[in-house]
Amino acid sequence: MNALQEIHKKIKQNKMAPIYVLYGQEEFLIEEAVNLIINSALSFEEREFNLSVFDMNEVPIDVAVEDAETLPFMGEKRVVLIKDPVFFTGNKDKTKVEHDLKRLERYLDSPSPDAIVIFTGNYDKLDERKKIVKLLKKNGEVIQTSLMDDKAISTWIKNKVTEADKEIDEEAIHLLLQLVGPKLMLLANEVEKLVLYIGEDTRIDSSVIRNLVPRTLEQNVFALIDMIVKRRTRDALLFFYDLLEQKEEPIKILSLLARQFRLIYQVKELYKRGYGQNQTGTYLKVHPYRVKLAGDQAAKFSEGELQKIMNDLAEMDYKMKTGKMDKKLLIELFILQLNK
């Protein structure tokens, strides 16, 4: 059980901490935990009087502390949500808001038993040298939410489906990830739709996902590249024609082709230097799942082939924008040449 799951378990058992710090890159998991804390601590009616939200880019921390020290009104707890406390990190505070951190330290050293204070921020790390961070760890729950790799996301999807008393197989999970991508918010929405769609049936399979989950243009272009990589020339051309029938612009398709092949090349280069999947994702600021898919495709090309492809795509972009050649024909030729 990871730290976030442990927090969820404690909250559901009504074992609430006076302070929570939720930070990291996976914003959906942060939001999910925040909602669970609020829903567990306050009834819907109590929120009007006992829930406060402060953005540290706009409000001094001492205002939020004063609110946390105020007794709850017509309820047992106050919940104070404090967003973007950049002073927990080594990052420079670019706002002109002056924060009384000494007062915050005093509060963290002796938090109110009548309040739950939640800090949230999209940071890679906190500054462990700071006194306030040490106090947070001493008297509260500090949880980092990192971007999940493909295995963790697959497990997360399966757990979401299981919570709804349904089942989903591995092939369906893989297809869902291909169509939706690794963003948990979008995946959670699609899982909810799938569960409602199957009704009294218990199993979500690939056919259900194909019927219900729409492809974005980006996912369609990824599927097109996958056909090109696997030398399925006829399928790739027919798929391209389908995109044109759906009124997708060739220049948009070209732009996404160039972006994906650039990523494939970058991943291949970093893998060659010994970078792992997560390290590559961090370096390129790309989700690890996208790195995995790009890595699988990179294995089908040599470094020289990828350099030529990117040069060809740049030349195609020039010809499209200057009207030197028919846009549809340019992409047709690109698909045919790649599959020689």
Check: Can you tell me if CD on Glu192 sees more than 12 non-hydrogen neighbours from other groups inside 6.0 Å?
Finding: no

Check: Applying the side-chain contact (heavy atoms from CB on, under 4.5 Å) test to Tyr23, which of Thr89, Asp84, Ile143, Val142 qualifies?
Finding: Val142

Notebook entry, point to check: Would you call Glu128-Lys137 a salt bridge at under 4.0 Å N-O?
Noted result: yes

Note to self: Could you check whether atom NZ of Lys130 has more than 12 heavy atoms from other residues, nucleotides or ligands sitting under 6.0 Å from it?
What the structure shows: yes

Next item on the list: Report yes if some heavy atom in the side chain of Glu190 is under 4.5 Å from a heavy atom in the side chain of Leu186; otherwise report no.
Entry: no

Check: Got a sec: does the CD of Glu27 have more than 12 other heavy atoms crowding it under 6.0 Å?
Finding: no

Check: Can we say Arg103 and Glu69 salt-bridge, meaning some charged N sits less than 4.0 Å from an Asp/Glu carboxylate O?
Finding: yes

Checklist line | Arg129/Asp127 ion pair, N-O < 4.0 Å | finding: yes

Margin query: Please find the pair of heavy atoms, one from Ala41 and one from Ile116, that lie closest to each other, and give the distance.
Written below: CB-CD1, 3.7 Å

Check: Do Pro18 and Asn139 have side-chain heavy atoms sitting under 4.5 Å apart?
Finding: no

Item checked: Residue pair Tyr275 / Leu284, side-chain heavy-atom distance below 4.5 Å -> no

Note to self: Determine whether the aromatic ring centres of residues Phe88 and Tyr123 are separated by less than 6.0 angstrom.
What the structure shows: no

Next item on the list: Examine Ile228 and Val267 and state if one hydrophobic cluster contains both, with Ile, Leu, Val, Met, Phe, Trp and Tyr joined whenever side-chain heavy atoms are less than 4.5 Å apart.
Entry: no

Check: If you count the non-hydrogen atoms of other residues, nucleotides and ligands that lie under 6.0 Å from NZ in Lys83, is the total more than 12?
Finding: no

Check: When you look at CD of Glu303, are more than 12 heavy atoms from neighbouring residues, nucleotides or ligands closer to it than 6.0 Å?
Finding: yes

Check: For Tyr107 and Glu66, does a side-chain donor sit closer than 3.5 Å to a side-chain acceptor?
Finding: no

Next item on the list: Report, as yes or no, whether the 6.0 Å neighbourhood of atom OH on Tyr283 holds more than 12 heavy atoms from other residues, nucleotides or ligands.
Entry: no

Checklist line | Donor-acceptor contact present, side-chain Asp201 to main-chain Arg203, <3.5 Å | finding: no

Check: Hey, is Arg78 close enough to Asp67 for a salt bridge, meaning N to O under 4.0 Å?
Finding: yes

Checklist line | Side-chain heavy-atom pair Gln297, Phe261 within 4.5 angstrom cut-off | finding: no

Checklist line | Qualifying side-chain hydrogen bond (donor to acceptor under 3.5 Å, both in side chains) pairs, either residue in residues 243-256, two or more places apart | finding: none

Check: Under 6.0 Å from the NZ atom of Lys308, do we count more than 12 heavy atoms belonging to anything else shown?
Finding: no

